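Just so you know, these numbers come straight off a predicted model, no measurement behind them.
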Amino acid sequence: MVVPGVQPVWAVVLAGTGDRLADAPGHGRPAGKEDALMTVMDSAAHRRTLAGRLSGGGFLRTPPWRAAVESVPRHEFLRGGFFDQVEGSAPTAWRPVLPDTAGWLERCYADESLVTQIAGTIVPGDIRGEILRTPTSSSTMPSLVVRMLEELQVDAGNRVLEIGTGTGYSTGLLCHRLGEDLVTSVEVDAEVSSRASAALGSCNYFPELVVGDGLAGHKDGAPYDRLVATCGVLEVPHAWIEQTAPGGVILATLCGWLYASELARLTVGEDGVARGRLLGGQISFMLARPQLPPLLGMLPDLDDGEERETATGADVLNNWTARFVTQLAVPGAQRLTMERNGRTEDVLVDVGSGSWAAVHEDGGRWLVRQGGPERLWDRVEEQLGRWYAAGAPELEEFTVTVTPEGQTVRW
């Protein structure tokens, strides 16, 4: 979608230009030879600095991946710019940062995630001013990118399937480490894939890029030795397991609609079952688009239902691990907080079943009111009770098993 009355402006990157500046039409002056030379020199210095910072932080642990970070120019994958969150805005507003903006190159090498698409189609060059919509694509912070690549435990000759091409930066790192012929990357958004292809070409990388539903993998290139997902999933699709060779590794972030998530590393067995555990670190990724939660629509009558006292207050949902445990009990529930009747209520709503629970504090005690066919808060209390009884283990102690019948998470 293009904003009415605004002509989109695209960054132009030609294959073989390497670190050369390629300004979008209408943004600043054309890049000359001196500008290109300065960009090459500055970029190389920024890459070395970034590699040193990631190594010092313990994210970058092995020489091959360090060489990749020092070689692959992240700014080439951000030629179209990125969005900055407007400080203090409510609801959240975003403003574009384009290559001719002061400090753009330095920001490209900061250890931060940079939003590159809003509302499914809008890129920085489409906007003048601010936009109040939800981010839908980003360039992941480099420390998380390299941590995941290290956790993937690749060996020379491994064939890798990447789910979620995004800007293409992590794809470029994989190409440098393994060779482009061993890398396949799937992206659901054709426009995003096209921009990534141009950026990869500018760095002389030409892996197989596929436009399609990443949850289905890419069976035409199977089997793969490694599969890495740069989007979050509610459950690991069995198609990924079928397309991964026995002994192969799947690295993916398990998420939920209460927005607690964690990185999982699974090994595929000869029996077609993937087993592994969570790795810790409170890793977050945007959910795969087909798995985004449904719109809440009209809320139920929260004054209806049955009310009782509960020993489990809504404040438990502010703890990352407890929230992860909670969403295992009520996977279809979404959370919202609202001021109502002079009090703050935390509400869980399961759109699919029509069930809901509203929890609030009253004079030092917690009350819950529930409606619909299922008692959501009863299930939350039961699940958290089992977790507490086990000693409230951290997420690193959780195990994950994926069979053709589904996914099981235990502690």
Side-chain angles (χ1 to χ4, degrees), residues 11-13 17-24 27-28 31 34-85 87 94-117 123-125 135 137-150 162 164-177 192 195-196 198-205 230 281 283-285:
V12 179
V13 183
T17 58
D19 287 298
R20 189 181 68 198
L21 268 176
D23 289 335
H27 292 283
E34 292 183 2
D35 296 312
L37 179 59
M38 289 301 295
T39 303
V40 171
M41 294 172 60
D42 291 347
S43 169
H46 283 306
R47 295 198 300 270
R48 290 192 296 270
T49 299
L50 176 62
R53 188 183 307 127
L54 299 179
S55 180
F59 304 105
L60 195 53
R61 303 191 297 270
T62 58
W65 286 121
R66 178 162 188 153
V69 172
E70 290 181 345
S71 299
V72 179
R74 190 187 186 212
H75 74 277
E76 288 293 349
F77 299 87
L78 293 164
R79 286 292 188 189
F82 51 86
F83 289 98
D84 253 352
Q85 184 174 332
E87 187 175 353
W94 303 87
R95 66 165 63 98
V97 178
L98 296 167
D100 61 355
T101 305
W104 169 80
L105 184 63
E106 289 76 12
R107 289 287 303 281
C108 289
Y109 290 95
D111 188 23
E112 61 177 320
S113 292
L114 299 172
V115 172
T116 53
Q117 185 193 68
V123 296
S137 190
S138 67
S139 177
T140 304
M141 61 193 305
S143 59
L144 178 52
V145 170
V146 300
R147 182 203 165 182
M148 291 182 67
L149 293 176
E150 293 278 14
E162 179 187 45
T165 311
T167 65
Y169 177 61
S170 59
T171 318
L173 294 173
L174 284 164
C175 288
H176 187 278
R177 173 71 172 82
V192 170
R195 290 191 290 271
L200 286 161
S202 78
C203 302
N204 291 314
Y205 296 130
T230 60
I283 301 303
S284 293
F285 273 102

Query raised in the report: If you measure from OG on Ser143 to CE on Met148, what distance do you get to the nearest 0.5 Å?
Result: 11.5 Å

Report summary line: Nearest heavy-atom contact between Gly81 and Pro124 is C-CG, 3.5 Å

**Report entry** Under 3.5 Å: donor-acceptor pair, side chain of Ser55, backbone of Gly52
**Finding:** no

**Report entry** Under 3.5 Å side-chain donor-acceptor pair for Tyr169 and Thr140
**Finding:** no

**Report entry** Donor on one side chain, acceptor on other, Ser139 and Arg74, under 3.5 Å
**Finding:** yes

Query raised in the report: Considering only heavy atoms from C-beta outward, does the side chain of Leu174 approach that of Tyr205 to under 4.5 Å?
Result: no

Query raised in the report: What are the two closest heavy atoms between Val72 and Gly172, and how far apart are they?
Result: CG2-O, 3.8 Å

Query raised in the report: Nearest 0.5 Å, what's the CG-OG distance between Leu173 and Ser71?
Result: 9.5 Å

Report summary line: Residues passing the salt bridge (charged side-chain N to carboxylate O under 4.0 Å, His left out) test with Arg107, sequence neighbours excluded, are Asp84, Glu112

Requested in this report: Measure the CG-CD distance between Leu50 and Glu70 for me, rounded to the nearest 0.5 Å.
Outcome: 9.5 Å

Query raised in the report: Can you tell me if Thr101 uses its side chain to pair, donor with acceptor, with the backbone of Val97 under 3.5 Å?
Result: no

Report summary line: What one should report as the nearest heavy-atom pair of Phe59 and Val146 is CB-CG2, 3.8 Å

Report task. Evaluate the criterion side-chain contact (heavy atoms from CB on, under 4.5 Å) for residue pair Val123 and Thr116; output intermediate values, then yes/no. Result -> CA-CA 6 Å; Val123 296; Thr116 53; over 6 Å; no

Query raised in the report: Are side-chain N/O atoms of Ser170 and Glu162 paired as donor and acceptor at under 3.5 Å?
Result: yes

Report task. May I ask you to test the Arg47-Val69 pair for a side-chain heavy-atom distance under 4.5 Å? Result -> no

Report task. Could you tell me which non-hydrogen atom of Ala110 sits nearest to which non-hydrogen atom of Pro142, and how far apart they are? Result -> O-CD, 3.7 Å

Query raised in the report: Would you say Trp94 and Pro135 make side-chain contact, with heavy atoms under 4.5 Å?
Result: yes

Query raised in the report: Passes side-chain contact (heavy atoms from CB on, under 4.5 Å), Trp65 versus Leu54? Steps please.
Result: CA-CA 11 Å; Trp65 286 121; Leu54 299 179; over 6 Å; no

Query raised in the report: With a 4.5 Å limit on heavy-atom distance, are the side chains of Arg195 and Gln117 in contact?
Result: yes

Report task. Check the pair Tyr109 / His75 against side-chain hydrogen bond (donor to acceptor under 3.5 Å, both in side chains), numbers first and verdict last. Result -> CA-CA 7 Å; Tyr109 290 95; His75 74 277; 2.7 Å; yes

Query raised in the report: What residue among Leu200, Thr171, Leu114 forms side-chain contact (heavy atoms from CB on, under 4.5 Å) with Phe77?
Result: Leu200

Query raised in the report: With a 4.5 Å limit on heavy-atom distance, are the side chains of Thr165 and Val192 in contact?
Result: no

Report summary line: OG (Ser202) and CZ (Arg79) are apart, to the nearest 0.5 Å, by 7.5 Å

Query raised in the report: Quick one: CZ on Phe82 to OG on Ser137, what's the gap to the nearest 0.5 Å?
Result: 14.5 Å

Query raised in the report: Do Glu150 side-chain atoms and Leu60 backbone N/O form a donor-acceptor pair below 3.5 Å?
Result: no

Query raised in the report: Where do Glu76 and Ala199 come nearest, in terms of heavy atoms and distance?
Result: O-CB, 3.5 Å

Report task. Taking the side chain as every heavy atom from C-beta outward, state whether His46 and Leu105 have any pair of such atoms under 4.5 Å apart. Result -> yes

